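A short worksheet on the structure shown next.
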Amino acid sequence: MTTETSWKVSDEAKRLWAETNERIRKGRQAYVERAIKLGDELDATLVGVWIPRPGLSGDPAVFRSNQDGSYFRVAGKRGEVAMDDDSEVVKNRAKLLFSVPLDFIGDYAIVRFDLNSRIEDGILFYTPRGYPENKRYNPETDQPISSD
């Protein structure tokens, strides 16, 4: 004896899903627009949005420096972030603690980012154009985002 299960979704549920998806898309688009503005301030170009593994924090936008072509993420503002080897006073004042070296561009602390190894590792990585639509970057079919 077999039973058939049918999932009937009401028009109201479909409408709510569509509204939620649109809110998420608009939120992602607003995030990308803010990241592009920050990139202009840092003399860098937004190249993608990295979705970190659970437990990792920090801004997921990845920029390419217009000065030297290196890739980086923004860790936070000066005074809001600390490294493991900073004093306890600095660590207690910081909002985020990093175990990697931080560099600074003006008031912003940055973390250098190895774009190619992240793509090769298969870590979720979205291009700015694809991120609002939740499109994962595929190095085999998408345009290259690395100028190496």
Side-chain angles (χ1 to χ4, degrees), residues 3-86 91 94-148:
T3 58
E4 186 177 312
T5 304
S6 172
W7 289 89
K8 293 186 180 181
V9 179
S10 70
D11 288 340
E12 175 67 10
K14 289 177 186 177
R15 185 185 63 75
L16 290 173
W17 285 344
E19 287 175 4
T20 299
N21 287 336
E22 183 62 16
R23 272 195 312 276
I24 290 169
R25 192 193 66 73
K26 284 182 179 179
R28 287 181 175 151
Q29 186 62 46
Y31 173 80
V32 166
E33 289 169 11
R34 284 190 307 271
I36 289 170
K37 287 180 184 175
L38 178 59
D40 290 343
E41 186 178 331
L42 299 174
D43 191 22
T45 303
L46 177 69
V47 294
V49 178
W50 172 59
I51 309 302
R53 291 183 174 126
L56 296 178
S57 56
D59 194 311
V62 178
F63 298 92
R64 182 175 51 241
S65 169
N66 293 335
Q67 298 295 313
D68 62 8
S70 65
Y71 295 92
F72 66 88
R73 295 185 304 117
V74 174
K77 288 197 171 184
R78 189 183 299 270
E80 293 180 352
V81 295
M83 292 182 287
D84 281 344
D85 57 355
D86 283 332
K91 287 183 189 178
K95 293 180 182 176
L96 290 173
L97 181 64
F98 287 85
S99 60
V100 295
L102 299 175
D103 294 325
F104 289 89
I105 299 176
D107 284 338
Y108 290 93
I110 64 167
V111 175
R112 296 291 172 190
F113 190 88
D114 186 350
L115 179 70
N116 292 325
S117 72
R118 296 291 189 231
I119 292 172
E120 288 169 10
D121 290 345
I123 293 175
L124 297 181
F125 192 87
Y126 298 90
T127 62
R129 181 177 38 218
Y131 181 64
E133 281 72 37
N134 201 29
K135 179 182 176 291
R136 182 177 175 174
Y137 178 73
N138 183 339
E140 295 172 4
T141 58
D142 293 335
Q143 293 261 339
I145 55 177
S146 170
S147 62
D148 301 343

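Side-chain atoms are counted along with the backbone in the values below, which use heavy atoms only and exclude waters and symmetry mates. One is the number of the first residue; the rest follow in order along the sequence. Model, not experiment: these values are computed from the prediction.
- No donor-acceptor distance shorter than 3.5 angstrom exists from the side chain of Tyr31 to the backbone of Val49, with no hydrogens or angles considered.
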Residue pair Glu12, Arg15: steps toward the salt bridge (charged side-chain N to carboxylate O under 4.0 Å, His left out) verdict: CA-CA 5 Å; Glu12 175 67 10; Arg15 185 185 63 75; 2.6 Å; yes
Taking distance alone, no hydrogens or angles, what donor-acceptor pairs closer than 3.5 Å link side-chain atoms of residues 95-112 to residues at least two apart or in another chain?
from: Asp103; atom 1: OD2; to: Arg112; atom 2: NE; distance (Å): 3.0
from: Arg112; atom 1: NH1; to: Ser70; atom 2: OG; distance (Å): 2.7

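- Here the two rings, on Trp50 and Tyr126, have centers that are 6.0 Å apart or farther.
- Listed here is the closest heavy atom pair of Ala44 and Ser65: CB-CA, 4.1 Å.
- Judged by the 6.0 Å and 45° rule, Arg28 forms a cation-pi pair with Tyr131.
- Here the side chains of Asp142 and Lys135 are in contact, with some heavy-atom distance below 4.5 Å.
- Rounded to the nearest 0.5 Å, atoms CG (Asp43) and CG (Asp68) are 10.0 Å apart.
- Heavy atoms of other residues, nucleotides or ligands lying less than 6.0 angstrom from CD of Gln143 number 12 at most.
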Evaluation steps, side-chain hydrogen bond (donor to acceptor under 3.5 Å, both in side chains), between Asn66 and Thr45: CA-CA 7 Å; Asn66 293 335; Thr45 303; 3.1 Å; yes
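- Heavy atoms only, all atoms of each residue included: Gln29 and Pro132 are closest at OE1-CG, 3.1 Å.
- Counting heavy atoms from C-beta outward, Thr127 and Ile145 have side chains that approach closer than 4.5 Å.
- Qualifying salt bridge (Lys or Arg N to Asp or Glu O under 4.0 Å) partners for Arg34, counting only residues two or more places apart in sequence or in other chains: none.
- The shortest heavy-atom contact between Ala75 and Val81 is O-CG1, 3.3 Å.
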Residue pair Asp40, Leu38: steps toward the side chain to side chain contact (heavy atoms under 4.5 Å, CB included) verdict: CA-CA 5 Å; Asp40 290 343; Leu38 178 59; over 6 Å; no
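- Between Tyr137 and Leu124 there is no side-chain heavy-atom pair separated by less than 4.5 Å.
- How far CG of Asp114 is from CD of Glu120: 8.0 Å, rounded to the nearest 0.5 Å.
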Intermediate values then yes/no, side chain to side chain contact (heavy atoms under 4.5 Å, CB included), Phe125 and Leu115: CA-CA 9 Å; Phe125 192 87; Leu115 179 70; 3.2 Å; yes
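- Atom CZ of Arg78 has more than 12 heavy atoms from other residues, nucleotides or ligands within 6.0 Å.
- Pairing each heavy atom of Val74 with each of Asp59, the nearest pair is O-CB, 3.3 Å.
- When all heavy atoms of Pro128 and Val47 are compared, the closest pair comes out as CD-O, 3.2 Å.
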